[in-house]
Amino acid sequence: MTDPSTDRNADQKAVTLADVPRGQRALVQRIASDDTQFRQRLQSMGVVKGTAVVVDHTAPLGDPRVYSLMGYSLTLRNSEARHILVSLQ
Amino acid sequence: MSIAGKAVTVALTGNPNSGKTTLFNRLTGANAPVGNYPRVTLTPHRREIIHRGWTITVVDLPGIYSLTSQTPEERTARDFIHFNAPDIVLNVIDSGNLDRSLFLTTQLIEMGRPRVHALNMMDEARRKGIAVDTGAMASMLGGAVVETVALTGDGFDALLDAIVAAAEAETVATGSQITYDRHLEQTIARVTAVIDELHPGKLDRSQSHWLAIKLLEGDDEVLAREGEHTSLIELIRRERESLARNHGEQVDTMIADARYGFINGMLQEVRTLSQAAGGTDLTRRLDRIILNRFLGLPVFLASLWIMFEATFSLGKYPTDWINAAVKAAGTFLNPVIPPGMLHDVVIDGVIAGIGGTLVFLPNIVILFFFLALFSETGYLARTAFLVDRLMHPFGLHGKAFIPLVMGFDCNVPAIMAARTIESPHSRLIAILVSPFMACSARLPVFVLFAGAFFAEWAGTVVFVMYVISILAAMIAAVMIGRFLKGEGQTAFAMELPPYRLPTLRAVWFHMWERAQSFLQKVGGVILVGSVVIWFLQAFPNQTAETEAFDARITAAQAQDDTPERADLLAQLELQKNQDRLVHSYLGRASQAVTPLFGALGFDWRDTTAILTGFVAKEVVVASYAVLYNQSEEGGKDGLKVALAGAMPPLRAFAFMVFILLYSPCLSTIAVIWREAGSWRWSAFSVAFSFGFAWVLAWLVLLVGGLIT
């Protein structure tokens, strides 16, 4: 199903958005989810390959978190962010 | 295009929070509710305006990020554009947030309707150092691009001119095509050809092209619509698989990537960013405190405390005035209406019932002022973020927190506040759970009972009631969540809008709308309910028993005028009154229902109090006062003493738990009906909470019996 080149990429830095520490900048690689609705929802909010994301804030219990991307703020539960593969910059 | 009557229909679309509803209100002079959080427009509003001889009908569609069929809002917007084919789509874009906002625009281009684009909130964008070449943008997007500021009305004339120009235009400006990956383009072309074959002459090119893209994207709704064409569905399935295999990406991702690619390319040409506007803006500075991991919750609790404190302390004065006015109305009408039934209905039924409810108006208006403030500034979305994790285990969305807290004051506005929850499933749970929050009308019952049965522990017992209230709401949420096989939790992914200062006008209309709906309720359901209850407790007023009392009273009156006689007369009047109540329709109904509470040991008086509490929980204490022969005022201690002898403390505690949880009052039932959209949910709420209260009260008796 998946392109070997993307796989190699993901293996090298198998980092998800949920792992990115606060203040760190990351680039979205892909959304690893089979749920079309979920994918489309995130895509419509700018989570696509190459989008730069910074972790801004963390809720009191560490979940959800606020991310800034494309000049606006997006909140995601960690369970959602875990499906977003990123590379660190 | 309907040039004939010089009339056009304009569909207003845009991202949530793009200022779309503000633009609609300002453009058409309407007062649709706005809010600085996503998804405020639930049903399309439409208004007409006249410009240069054209009648322009503006339809305000829900705010959406995309034209898929994921949410009801997206379906509403998409179906309107696809099936109603509005003459013009007016696309409102947040100028400060072009990269993401234009994603929706790329889909509008593919839907092929004539478009006009409003680059809204241009003032904010300029402050951020953003400048846009609108001419170049217009040719790429197809359709005029006008800079606007919806808050002030800047650019509206140009916007209306552009709409009229688009309406008068002979041809539709097409704009640039979004180019997809070569393989994908070939596939789209193949699917488009098949669609044209299947729907000969029915779809124009852009429509079948759009349909092809939607099908390849895997849009459930469009797939279902084409379900009869099995060959097409099969083709789509094969094409999707082969594309995904060859590209290592799902087709919807390929499509999204291409759209953002188009946006990036365009913005490089038309947008210039000057570095002048550096530094941290207000939103970032405020969020450092408000969304701080450790300060966030304390700040939130403090603002809640201020809200409640203000609701009660500021509300006290107008409440006193209303009380005085109600009293004055009673005193005025008392001698005016001749004694008799009409007199009693008006004084004891209508004025008592309406007056008793009207006193809540100030509290409700003040509460809504704060809520409007919270929502307009953008704080509400942030509170949902702060508490989401705490609510999650109970199947409640973070946004359900506000309605629940508000429920401590009154369940009615609490249920209305559940409107802010976007997922219908989570919203329904919040609506059905809100009545378990111990509203202020239940407080008198707790105070009375705690005082009568647990004098030394009264404060603690009342506090325990509030704890049970919260626990019950959480347990109920879990139970209802199991029971409702909804779509479950929707993605939390939520935009946090920048902080904005609310306009006085918007806040004022928020409050006015709430006050109005509350007054309508007072004039409707509460008026009728009060009159009905009065009749039920007043009739039949002549029975064999009352006549027997009348005879004894007449006999007593014939005696010499001594203090003993006065005492006897008063005694007889009270006994007669009590006896009449026992045999009234209400009394008989209560006795008929009493067996229901047999296992709980509640007698017919308790049952009457429970029944009258259906109308409004405030009535419970008043019922006891009448039933136990004690006037409510002055005789509070007398009532306590009478009550204390009537049942053991354990049963009293069980009764308190029952009153806390059992079926919501009439107003709440009415508001559940309206907000959940069906009387069935009201019926469910009544039955569910009744059963829940019964079981919990029974458990209290059981466990309490084992301990003591």
Side-chain angles (χ1 to χ4, degrees), chain A residues 1-10 17 22-23 28-81 83-85, chain B residues 64-71 74 94 96-100 103-104 128 217-220 241 244-250 252-253 255-257 259-260 264 283-284 287-288 290-294 296-297 381-382 384-390 392 398 489-498:
Chain A
M1 279 290 280
T2 43
D3 188 315
S5 69
T6 3
D7 260 354
R8 211 181 309 123
N9 222 339
L17 193 54
R22 246 193 84 192
V28 174
Q29 292 298 318
R30 64 188 185 98
I31 303 168
S33 164
D34 289 333
D35 183 345
T36 313
Q37 289 215 344
F38 174 68
R39 256 191 343 253
Q40 289 189 350
R41 166 95 174 174
L42 289 181
Q43 284 160 3
S44 73
M45 301 192 81
V47 182
V48 286
K49 195 177 187 169
T51 303
V53 182
V54 181
V55 184
D56 267 350
H57 302 282
T58 305
L61 289 180
D63 179 30
R65 303 204 291 176
V66 179
Y67 301 89
S68 104
L69 62 147
M70 291 193 176
Y72 85 103
S73 295
L74 174 71
T75 69
L76 291 174
R77 287 186 178 144
N78 291 348
S79 59
E80 294 163 337
H83 291 286
I84 302 168
L85 301 184
Chain B
I64 47 172
Y65 292 105
S66 173
L67 285 169
T68 53
S69 57
Q70 293 176 37
T71 63
E74 288 181 3
D94 175 358
N97 197 354
L98 287 172
D99 306 69
R100 198 209 60 217
F103 186 71
L104 176 68
K128 282 195 215 165
E217 239 180 358
D219 191 294
D220 297 334
E241 263 179 25
R245 199 170 43 241
N246 293 329
H247 289 264
E249 263 176 341
Q250 297 296 324
D252 55 87
T253 305
I255 291 175
D257 283 349
R259 286 177 181 152
Y260 280 109
N264 268 332
T283 294
R284 294 194 76 84
D287 273 345
R288 255 181 225 153
I290 285 171
L291 295 184
N292 181 287
R293 192 162 175 181
F294 305 103
L297 278 182
R382 283 164 174 83
F385 162 77
L386 286 171
V387 300
D388 180 65
R389 191 68 190 83
L390 303 169
H392 203 186
Q489 290 279 334
T490 49
F492 185 67
M494 180 175 70
E495 180 183 358
L496 290 188

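Chain identifiers are assigned alphabetically (A, B, ...) following the order of the sequence lines, protein sequences preceding nucleic acid strands; residue numbering begins at 1 within each chain. These values consider heavy atoms only, across backbone and side chains, with no hydrogens, waters or symmetry-generated copies.
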Checklist entry - Between A:R65 and A:L17, is there a donor-acceptor pair closer than 3.5 Å when you use the side chain of the first and the backbone of the second? => result yes
Determine the option with the most heavy-atom pairs under 4.5 angstrom with chain B, choosing from [options].
options: A:G46, A:P60, A:G71; result: A:P60
options: A:T58, A:I31, A:L76, A:D35; result: A:T58
options: A:G50, A:S79, A:S68, A:G62; result: A:G62

Checklist entry - A:L42 versus chain B, heavy atoms under 4.5 Å apart: side chain, backbone, both or neither? => result side chain
Checklist entry - Is it the side chain or the backbone of A:D34 that comes within 4.5 Å of chain B heavy atoms, both, or neither? => result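 Answer is neither: A:D34 stays 4.5 Å or more from chain B.
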Item to check | N-O pairing of B:R389 and A:D63 below 4.0 Å | outcome: yes
Item to check | B:R382 with B:D287: basic N within carboxylate O range, under 4.0 Å | outcome: yes
Item to check | Cation-aromatic face contact B:R100/A:Y72, 6.0 Å, 45 degrees | outcome: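 Yes - B:R100 lies over the ring of A:Y72, closer than 6.0 Å to its centre and within 45° of its axis.
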For chain A, the option from [options] that forms the most heavy-atom pairs under 4.5 Å:
options: B:N97, B:L291, B:L496, B:D252; answer: B:D252
options: B:N292, B:T68, B:D219, B:V387; answer: B:T68
options: B:L297, B:T283, B:T253; answer: B:T253

Checklist entry - With no hydrogens and no angle check, do the side chains of B:E495 and A:S73 hold a donor and an acceptor under 3.5 Å apart? => result no
Item to check | Parallel, tilted or perpendicular: ring planes of B:Y260 versus B:F103, cut at 30 and 60 degrees | outcome: parallel
